[in-house]
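What follows is a set of notes on a single structure, which appears directly below.
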Amino acid sequence: MRFKGTTILFILFVILGGYVYFTEYRGKEERQKQEESKKKAFQVEQKDISEISLIYPDRTMSAVKKGERQWEITSPAGVQADSDEWESLASNIPQIDRNDTVAQNAQDLTSFGLKDPPAKVSARTKDGKTLEILFGSENPKKTYNYAKLGSSNDVFLTGSNWSRTFTKTVSDVRNKKLLEFETDDIDGIKIAQGTKELEAQKSGENWQLKKPVDTKADSSEISSFVSSIRFGRAQSFPDSPVDAKTAGLDAPALKVTLHDGKAKTDRVLLIGKSPEKDKYYARDASRDAIFIMDKEIPEKARRPLFDWRDKTIVKLDRDKLEKIEIQRGSENISLLKSGSDWKLADGKKVQLDKVPGMLNTLDFEKAKDIIDMPKAPGTYGFDKPKLEVSFREGSNDPVRVQFGSDSKTPEGIYLKSSDTPAVKVVSKGVFDKFNVKPEDIAEAPPATPPPATSPPPDKPKS
């Protein structure tokens, strides 16, 4: 009987606990939500807003929603919408707060700045409802704006940030994207500048230059350039209409073509004359609107070939690397991999940081110049190289690197590797990393402990 009574008490405790939770905690949450909802000017969700109009004393801008997140400007006509900007406006409408009411059914709205309001927002929902709010002047403390709904003359206070949020120019809400595309969809790029042309194609995650020379590209540079166009925005639009000839876009100084592999089409950016310092007229070839952009992208597009190409000194697979040989004149140093360590040919262990330091130099240092059509080897000192280094990866043919004579322009040293016919100029720091002697890189032998000394004999007792 005692066990049964304990069970009943436990059940009653659980029921009471559940009651307290749902009435106090969950109930409190619901009450808070209801109170917060009462403080909103509109009981509406962002997804239900289908039209927005921004009305000012000197202009009106309107847009309708097309599709899930796409918007179309209906006034002024002929202007493409910045869908992200209109979607942001739609997201803000449900958040407008309604604070203290300062006048009920006000007959004179002049003192509140609401007779001829500086800003009015009108929205329609999918089910045909109209939402309107008028923003007036600031209160004396300048912490709130006076506002009223279109259907009422009750004046209330709302955060002063809302008036600023919904005060826009045509330039603010129009499409300012340079080109419309997704970065990952681009698999080809062409930059035409007069008779000069640079072309690159993507293969997997890497880029390969095709013109003016067929060689590896600096993939990070090209990806960065594509991204700068993807996220670039027009700075402004001409104050008065400008035709293509005046803007220099009928025969553009620069033409950037991005091939969209997913859409199987080209995205073309035309860049023309400069209306003022560090600014250029430009347009998306698929749109009529001429805009003004800053100098960043034109300057990047005009960079020399060297900036676009892969400047890796020599590419090695560290995991497969088994042997490094350094030849300086008649002197030869062999470094053999042993587990995670490196040893000299005589079995001495190499200092822990020496070989990784050599390889890091090849990974992180970049060529300072590349000569694609080199002259005779003797021109660069390869007939009598200062140093030759051989890297063996398993059963593959070794990759051989020669360090030749010094280069004056740019300052450095000539380098030739067996994996390319090009000659490169690298910093002398690369040479210094490999210009070593066995005693420079071998681990020091362990210190010999001093010989043990015998304790002094005991003194005879007196």
Quiz prompt | Whether over 12 other heavy atoms sit under 6.0 Å from Lys190 NZ | solution = no

Exercise. Check whether any side-chain heavy atom of Lys168 lies under 4.5 Å from a side-chain heavy atom of Glu85, and answer yes or no.
Key: yes

Quiz item: Quick one: are Ile189 and Trp207 in side-chain contact, heavy atoms under 4.5 Å?
Solution: yes

Quiz item: Should we say atom CD of Glu411 is surrounded by more than 12 heavy atoms from elsewhere, each under 6.0 Å from it?
Solution: no

Quiz item: Once you round to the nearest 0.5 Å, how far does CG of Leu254 lie from NZ of Lys196?
Solution: 9.5 Å

Practice problem: Go through the steps for Glu182 and Lys262 under the test salt bridge (charged side-chain N to carboxylate O under 4.0 Å, His left out), then give the verdict. | Solution: CA-CA 9 Å; Glu182 295 300 326; Lys262 185 176 181 180; over 6 Å; no

Practice problem: Find out whether Thr125 and Val44 are in side-chain contact, i.e. whether some heavy atom of one side chain is under 4.5 Å from a heavy atom of the other. | Solution: yes

Practice problem: Determine whether more than 12 heavy atoms belonging to other residues, nucleotides or ligands lie under 6.0 Å from atom OH of Tyr144. | Solution: no

Quiz item: Does the side chain of Val256 come within less than 4.5 Å of Phe225's, by heavy atoms?
Solution: yes

Self-check item: Distance, nearest 0.5 Å, that separates CH2 of Trp342 from CD1 of Ile324
Solution: 4.0 Å

Self-check item: Side-chain donor-acceptor contact under 3.5 Å, Thr158 with Asp97
Solution: yes

Exercise. Measure the shortest side-chain to side-chain distance between Thr361 and Met358 over non-hydrogen atoms and say whether it is less than 4.5 angstrom.
Key: no

Quiz item: Is the closest side-chain donor-acceptor distance between Thr169 and Asp172 under 3.5 Å?
Solution: yes

Exercise. Take Lys337 and Glu322 through the test salt bridge (charged side-chain N to carboxylate O under 4.0 Å, His left out) and record every step on the way to the result.
Key: CA-CA 5 Å; Lys337 194 170 187 180; Glu322 296 179 351; over 6 Å; no

Exercise. Find the distance between CZ (Phe306) and NZ (Lys368) and round it off to the nearest 0.5 Å.
Key: 10.0 Å

Quiz item: Yes or no on salt bridge (charged side-chain N to carboxylate O under 4.0 Å, His left out) for Asp369 and Lys424, after CA distance, side-chain angles and deciding distance?
Solution: CA-CA 6 Å; Asp369 191 19; Lys424 300 171 183 177; over 6 Å; no

Practice problem: Would you sort out whether Gln351 and Asp440 count as a side chain to side chain donor-acceptor pair (under 3.5 Å), showing the intermediate values? | Solution: CA-CA 9 Å; Gln351 295 174 38; Asp440 297 330; over 6 Å; no

Quiz item: Should Asn435 and Arg328 count as side-chain neighbours, where that means a heavy-atom distance under 4.5 Å?
Solution: yes

Practice problem: Indicate yes or no: at least one non-hydrogen side-chain atom of Arg267 is less than 4.5 angstrom from one of Thr265. | Solution: yes

Self-check item: Inter-residue atom distance Leu335.CG - Ile326.CD1, 0.5 Å rounding
Solution: 5.0 Å

Practice problem: Check whether the side chains of Ser338 and Asp341 place a donor and an acceptor atom closer than 3.5 Å, and report yes or no. | Solution: no

Quiz item: Under the salt bridge (charged side-chain N to carboxylate O under 4.0 Å, His left out) criterion, do Asp397 and Arg392 qualify, and how do the steps go?
Solution: CA-CA 7 Å; Asp397 291 336; Arg392 182 173 291 280; 5.9 Å; no

Quiz prompt | Validation row: Val226, Phe181 side chains within 4.5 angstrom (heavy atoms) | solution = yes

Quiz item: With a cut-off of 6.0 Å (strictly less than), are more than 12 heavy atoms of other residues, nucleotides or ligands near CG of Asp214?
Solution: yes

Self-check item: Option from Gln327, Gln402, Lys416 for which side-chain contact (heavy atoms from CB on, under 4.5 Å) with Pro385 holds
Solution: Gln402

Quiz prompt | Lys300, NZ atom: more than 12 neighbouring heavy atoms under 6.0 Å | solution = yes

Practice problem: Please check if atom CD in Glu439 has more than 12 non-hydrogen atoms from other residues, nucleotides or ligands closer than 6.0 Å. | Solution: yes

Quiz item: Has Arg174 got its NZ or CZ under 6.0 Å from the middle of the six-membered ring of Phe237, at an angle within 45 degrees of the ring axis?
Solution: yes

Practice problem: Decide whether a cation-pi geometry holds between Lys295 and Tyr280; the criteria are a distance under 6.0 Å from NZ or CZ to the six-membered ring centre and an angle within 45° of the ring axis. | Solution: no

